[in-house]
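Note that these values count all heavy atoms, side chains included, but never hydrogens, waters or copies made by symmetry. Not measured: the values here are computed from a predicted model.
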Amino acid sequence: MNTTPYRRSVHPVQVGVERQLLFDDFLLVMAGRDHWDQLAYGVAFSLGSVEKHGGPIFEGDAEWESSSAWLNVLCEGGTYRMWYQSVHKDRRRSCVSIAESGDGIHFDRRDLSIINNEGYDENNAVFEGGFGGVNPEFGNVFRDPNAVPGEEYKMVYSEWFGEYTFEIPCYSPTNGALRGAASPDGIHWTRYYENFISPYPDSQNVACWDPILSKYVAYHRTGSAFAGLDAGALRVPEQSRGRAVGRIESDDFRFWSPSELVLAADLGDGLNTDIYNSAYSCHPDAPHAHYLFPSFYHHYEGTFEPQVVTSRDNRNWSRSCRDNFIPLGNPGDFDCFIISVSPGFVQVD
């Protein structure tokens, strides 16, 4: 019988003066087996309440846009700058536009006259896909502290290949890619020549610069599978599980690593569910606190309901709580079926 006590040492985690958030069990379960009685007990995680504004604050109502879609906001010098996707009524023409606000609620379109959009020269559109652009689907814009001069703003977006895309099924396995662009001011954009990944990853893809990893990281739409079986002579091919979240990283925002699956719906979510977007966000005061706010899509109900997923290294993710983060509106309200979270925290004071 081995009676030698288990003496694995547990080294303290050096956190310095960095703010620590208790959104998982990382800092709660630090005891070794020889201190089992010090393990966290009676601890559960729950979500705080969310206060809604109560109604839409911005809608696609200009002549060159019949609706607006994916967006993100940065607060710079007291001005809230919102980049978003302008969509034309025939859905064959979209572009990235910008609006500004002094309070983060009332946004105004400013005439920039950069792009002729549906015959209108005076508009707030800033990007139409660059070289070879057809119909960009906006992802997000972020400030890059590691940028070379002239590329201080970075954008990630999805794009089709060529005008012929409107004549073929949108699920073509070879059409489209994730792409990027850079700008010195967030208004004048130049597309990177490289395609990041293919095929087309729709929904809102998100990229960032991670100062801890010293890498660019992007979260994108991908797919997952389930029910595969390989047991000797019995082999059953796996079936598509639906939408999921993938991850890639890069040293230069041009060439990216192979995609890895980081988040997918499981049996606890039900076979009726997959994940539509990531809404990746890093806490502005805690660089080790990373969040996803993915919308879980329930097919039969036709609803999008966001949850909260957390990470301490921007690579491995955990779901400490599976409650809905933002409740759907009442029947008949504008948000009674779908809620998606915009990526990125915005500091308001």
Side-chain angles (χ1 to χ4, degrees), residues 45-75 80-91 94 96-109 124 137-140 202-206 219 221 242-245 263 265 268-281 291-310 319 321-349:
F45 294 91
S46 62
L47 298 178
S49 60
V50 174
E51 181 179 352
K52 296 183 182 181
H53 178 266
I57 64 172
F58 191 82
E59 299 180 85
D61 60 1
E63 294 294 334
W64 56 88
E65 62 180 23
S66 57
S67 63
S68 58
W70 311 120
L71 63 93
N72 81 289
V73 177
L74 300 180
C75 186
Y80 296 88
R81 307 177 77 194
M82 178 175 69
W83 290 265
Y84 67 98
Q85 182 176 343
S86 295
V87 183
H88 194 255
K89 58 185 178 182
D90 64 3
R91 302 187 66 82
S94 69
V96 178
S97 299
I98 188 171
E100 296 183 347
S101 170
D103 59 8
I105 297 177
H106 305 91
F107 283 87
D108 297 317
R109 297 170 175 85
N124 63 325
E137 183 174 9
F138 178 63
N140 79 308
D202 67 342
S203 300
Q204 189 170 21
N205 305 287
V206 184
Y219 289 93
R221 162 74 71 80
R243 303 169 178 88
V245 178
L263 183 66
D269 300 304
L271 299 180
N272 173 41
T273 305
D274 52 12
I275 302 173
Y276 219 87
N277 59 327
S278 69
Y280 167 82
S281 307
Y291 295 82
L292 302 180
F293 300 98
S295 290
F296 282 71
Y297 175 33
H298 306 291
H299 289 248
Y300 301 139
E301 296 84 356
T303 55
F304 280 30
E305 296 177 290
Q307 295 187 17
V308 180
V309 187
T310 60
R319 297 170 66 185
C321 178
R322 296 194 176 206
D323 296 336
N324 291 331
F325 177 46
I326 305 175
L328 294 175
N330 296 319
D333 291 346
F334 78 101
D335 59 351
C336 64
F337 277 102
I338 294 177
I339 292 179
S340 290
V341 177
S342 171
F345 291 99
V346 180
Q347 293 178 289
V348 297
D349 54 35

Inset, instruction - Keeping the roles fixed (side chain from Ser101, backbone from His106), state whether a donor-acceptor pair exists under 3.5 Å. - result: yes

Inset, instruction - Would you mind reporting whether Ile326 and Lys52 have side-chain heavy atoms less than 4.5 Å apart? - result: yes

Inset, instruction - For Thr273 and His298, test the side chains for any donor-to-acceptor distance below 3.5 angstrom and give the result as yes or no. - result: yes

Inset, instruction - State, with a plain yes or no, whether a side-chain heavy atom of Phe325 is found less than 4.5 Å away from one of Gln307. - result: no

Legend entry - Side-chain H-bond candidate by donor/acceptor type, Tyr84 with Asn124, under 3.5 Å: yes

Inset, instruction - For Phe337, look at atom CZ and say whether over 12 heavy atoms of other residues, nucleotides or ligands are found less than 6.0 Å away. - result: no

Legend entry - Main-chain N/O of Val87 paired with Ser94 side-chain donor or acceptor, under 3.5 Å: no

Legend entry - Working for side chain to side chain contact (heavy atoms under 4.5 Å, CB included), residues Ser68 and Phe58: CA-CA 8 Å; Ser68 58; Phe58 191 82; 4.1 Å; yes

Legend entry - Working for salt bridge (charged side-chain N to carboxylate O under 4.0 Å, His left out), residues Glu65 and Arg109: CA-CA 12 Å; Glu65 62 180 23; Arg109 297 170 175 85; 2.5 Å; yes

Legend entry - Test salt bridge (Lys or Arg N to Asp or Glu O under 4.0 Å) applied to Asp269 - qualifying residues, sequence neighbours left out: Arg319, Arg322

Legend entry - Under 3.5 Å donor-acceptor, Ser342 side chain and Leu71 backbone: yes

Legend entry - Heavy-atom pair with the smallest gap, counting every atom of Trp83 and Phe138: O-CE2, 3.4 Å

Inset, instruction - Would you indicate whether the side-chain heavy atoms of Ile275 and Tyr297 approach each other to under 4.5 Å? - result: no

Inset, instruction - Check step by step if side chain to side chain contact (heavy atoms under 4.5 Å, CB included) holds for Leu328 and Thr303. - result: CA-CA 9 Å; Leu328 294 175; Thr303 55; 3.9 Å; yes

Legend entry - Ile338 backbone acceptor or donor facing Ser340 side chain under 3.5 Å: no

Legend entry - Donor-acceptor contact present, side-chain Asp103 to main-chain Ile105, <3.5 Å: yes

Legend entry - Phe334 CZ: over 12 foreign heavy atoms closer than 6.0 Å: yes

Inset, instruction - Using ring-ring contact (aromatic ring centres under 6.0 Å, His included) as the criterion, list what pairs up with Phe296, not counting sequence neighbours. - result: none

Legend entry - Side-chain heavy atoms of Glu301 within contact of Asn272, under 4.5 Å: yes

Inset, instruction - May I ask you to test the Glu137-Trp70 pair for a side-chain heavy-atom distance under 4.5 Å? - result: yes

Legend entry - Heavy-atom check, side chain of Val73 versus side chain of Arg81, under 4.5 Å: no

Inset, instruction - Please tell me if the side chains of Val346 and Leu74 come closer than 4.5 Å, counting only heavy atoms from C-beta onward. - result: no

Inset, instruction - Ignoring hydrogens and angles, state whether a donor on the side chain of Asn72 or Gln204 is under 3.5 Å from an acceptor on the partner side chain. - result: no

Inset, instruction - Output yes when a side-chain donor or acceptor of Asn277 lies under 3.5 Å from a complementary backbone atom of Ser295, and no otherwise. - result: yes

Inset, instruction - Taking the six-membered ring for Trp and the single ring otherwise, decide whether the centroids of Tyr280 and Tyr291 are under 6.0 Å apart. - result: no

Inset, instruction - May I ask you to decide if Pro294's main-chain N or O and Ser278's side chain share a donor-acceptor pair within less than 3.5 Å? - result: no

